[in-house]
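The structure appears below as structure tokens.
We're numbering straight along the sequence, starting at 1.
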Amino acid sequence: MWVFGYGSLIWKAGFHYDDRLVGFIKDYRRVFYQGSTDHRGTPEYPGRTVTLEPAPGELCWGVAYKVSRKEDQEVALTYLEVREKQYDKKEYVDFFTKETGGSSAAVTGVMVYIASPDKANINYLGPASVEEIAKQIVHAEGPSGPNRDYLFNLEKTLLQMGCKDEHVMKIADEARKLIQGANSS
């Protein structure tokens, strides 16, 4: 079993795995469109976490985790079903590494959780301006901590992987401006 992480799973798997590959999936982009009422926000003030949206021609960098043993797979799936419970879709995608380039998949059938804009997904917040998203992230906090920690960890980890995700970086820059402004007042 392989699992693709593109948000907090990149730096905190939370389950036993046998291998971890850095790479990308095709035709998706990472966006801060999913509301978090259970980890990085509350029902009264949701945080924002990333999901994927179809984007032909784009690449979304992240990590793929290989879970080999049946017992480890069962534990990982049980854990992920709770952790990702606000994500309403599971897809199976091809995963590429720098070494394979875009020509052939390093791994096929990698499982990924996606929060869709479907009406059934009550926590989907959808698009907003960079300023609105940053403001919401700066002010939200939930049981897993401040939403800004999620944003800054994601930015830092992506940069360490050599990935400059424009959406994440713009929101992080705006969040820093808001925090700086609040601290200088």
Side-chain angles (χ1 to χ4, degrees), residues 1-34 36 39-40 48-118 120-121 123-124 126-127 130 133 150-173:
M1 176 177 90
W2 285 85
V3 179
F4 180 65
Y6 58 91
S8 60
L9 280 177
I10 294 174
W11 71 85
K12 183 184 176 191
F15 54 86
H16 176 78
Y17 56 89
D18 304 295
D19 200 5
R20 178 183 185 272
L21 300 176
V22 172
F24 58 90
I25 62 172
K26 292 181 176 182
D27 300 323
Y28 285 97
R29 71 184 197 114
R30 175 184 7 253
V31 288
F32 272 94
Y33 293 176
Q34 176 66 5
S36 175
H39 289 295
R40 296 296 179 166
R48 277 188 180 258
T49 55
V50 290
T51 186
L52 297 174
E53 71 174 9
E58 291 198 36
L59 307 177
C60 179
W61 283 82
V63 296
Y65 295 100
K66 179 183 182 182
V67 183
S68 300
R69 291 182 41 229
K70 185 152 183 60
E71 305 82 44
D72 291 339
Q73 290 175 10
E74 289 169 8
V75 169
L77 279 173
T78 301
Y79 170 77
L80 288 167
E81 289 298 320
V82 171
R83 178 172 171 170
E84 308 296 332
K85 70 179 178 239
Q86 293 188 341
Y87 288 67
D88 60 322
K89 279 176 62 180
K90 249 191 266 182
E91 298 278 330
Y92 294 87
V93 297
D94 290 342
F95 178 82
F96 301 83
T97 62
K98 207 182 278 186
E99 293 72 38
T100 63
S103 55
S104 61
V107 185
T108 59
V110 177
M111 182 176 63
V112 61
Y113 288 83
I114 299 173
S116 78
D118 190 288
N121 179 1
N123 289 305
Y124 184 78
V130 167
I133 292 172
Y150 174 95
L151 168 64
F152 296 138
N153 277 335
L154 180 58
E155 178 192 40
K156 178 179 140 195
T157 308
L158 289 172
L159 288 171
Q160 288 170 344
M161 290 170 29
C163 172
K164 291 184 177 183
D165 186 305
E166 200 173 306
H167 180 71
V168 173
M169 291 174 70
K170 282 182 178 177
I171 293 167
D173 287 344

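- Between F24 and F96, the two ring planes are parallel [angle under 30°; tilted spans 30° to 60°].
- Within 6.0 Å of the NZ atom in K90, the count of heavy atoms belonging to other residues, nucleotides or ligands exceeds 12.
- For R30 (side chain) and W61 (main-chain N/O), a donor-acceptor pair under 3.5 Å exists by modelled atom type.
- Nearest heavy-atom pair across C60 and L52 is SG-CD2, 3.6 Å.
- Residues passing the side chain to side chain contact (heavy atoms under 4.5 Å, CB included) test with K156 are Q160, sequence neighbours excluded.
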Apply the test side-chain contact (heavy atoms from CB on, under 4.5 Å) to residues I25 and V110: give CA-CA distance (whole Å), side-chain angles for both, the deciding distance (0.1 Å), then the verdict.
CA-CA 9 Å; I25 62 172; V110 177; over 6 Å; no
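- For T108 and D94, the side-chain atoms include no donor-acceptor pair closer than 3.5 Å.
- For K85, the side chain to side chain contact (heavy atoms under 4.5 Å, CB included) partners are D38, not counting sequence neighbours.
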Can H167 and V50 be said to form a side-chain contact (heavy atoms from CB on, under 4.5 Å), step by step?
CA-CA 10 Å; H167 180 71; V50 290; 5.5 Å; no
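- Under the 3.5 Å distance criterion, with hydrogens and angles disregarded, a donor-acceptor pair is assigned to the side chains of S8 and R83.
- Side-chain contact, Y113 with E81: a donor N or O sits under 3.5 Å from an acceptor N or O.
- Formation of a donor-acceptor pair under 3.5 Å by the Y65 side chain with backbone atoms of L9 is found in this model.
- Shortest non-hydrogen contact noted between R48 and G126 is NH1-O, 2.9 Å.
- Rounded to the nearest 0.5 Å, atoms CG (D165) and CD (E58) are 9.0 Å apart.
- Between Y79 and A13 the shortest heavy-atom distance is CE2-O, 3.3 Å.
- Identified under the side-chain hydrogen bond (donor to acceptor under 3.5 Å, both in side chains) test for residues 15-28, with sequence neighbours left out: D18-S68.
- Between N121 and Q34, the side chains place a donor N or O and an acceptor N or O closer than 3.5 Å (distance only, hydrogens not considered).
- Distance check: N153 CG to L158 CG gives 10.5 Å after rounding to the nearest 0.5 Å.
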Test side-chain contact (heavy atoms from CB on, under 4.5 Å) on E53 and Y33; report intermediate values, then the result.
CA-CA 9 Å; E53 71 174 9; Y33 293 176; 3.5 Å; yes
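- The heavy-atom pair separating T97 from A106 by the smallest distance is CG2-CB, 3.8 Å.
- Minimum interatomic distance between L154 and F32 (heavy atoms only, all atoms of both residues): CD2-CZ, 4.0 Å.
- Other residues, nucleotides and ligands place more than 12 heavy atoms under 6.0 Å from the CD atom of E71.
- R29 has its side chain out of reach of L59: every pair of non-hydrogen atoms, C-beta onward, lies at least 4.5 Å apart.
- Going from atom OH of Y124 over to atom CD of Q86 covers 14.5 Å, rounded to the nearest 0.5 Å.
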Start with the C-alpha distance between E166 and K164, add both sets of side-chain angles, then the distance that settles salt bridge (charged side-chain N to carboxylate O under 4.0 Å, His left out), and finish with yes or no.
CA-CA 6 Å; E166 200 173 306; K164 291 184 177 183; over 6 Å; no
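- Within the 3.5 Å criterion, the main-chain N or O of V168 finds no donor-acceptor partner in the side chain of E155.
- Nearest heavy-atom pair across V130 and K170 is CG1-O, 3.6 Å.
- R69 CZ to M1 CE: the interatomic distance, rounded to the nearest 0.5 Å, is 12.5 Å.
- Inter-residue side-chain proximity for T49 and Y87 is flagged as met; some heavy-atom pair is nearer than 4.5 Å.
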Please determine whether side-chain contact (heavy atoms from CB on, under 4.5 Å) holds for the pair F4 and V63, giving the CA-CA distance in whole Å, both sets of side-chain angles, and the decisive distance to 0.1 Å.
CA-CA 6 Å; F4 180 65; V63 296; over 6 Å; no
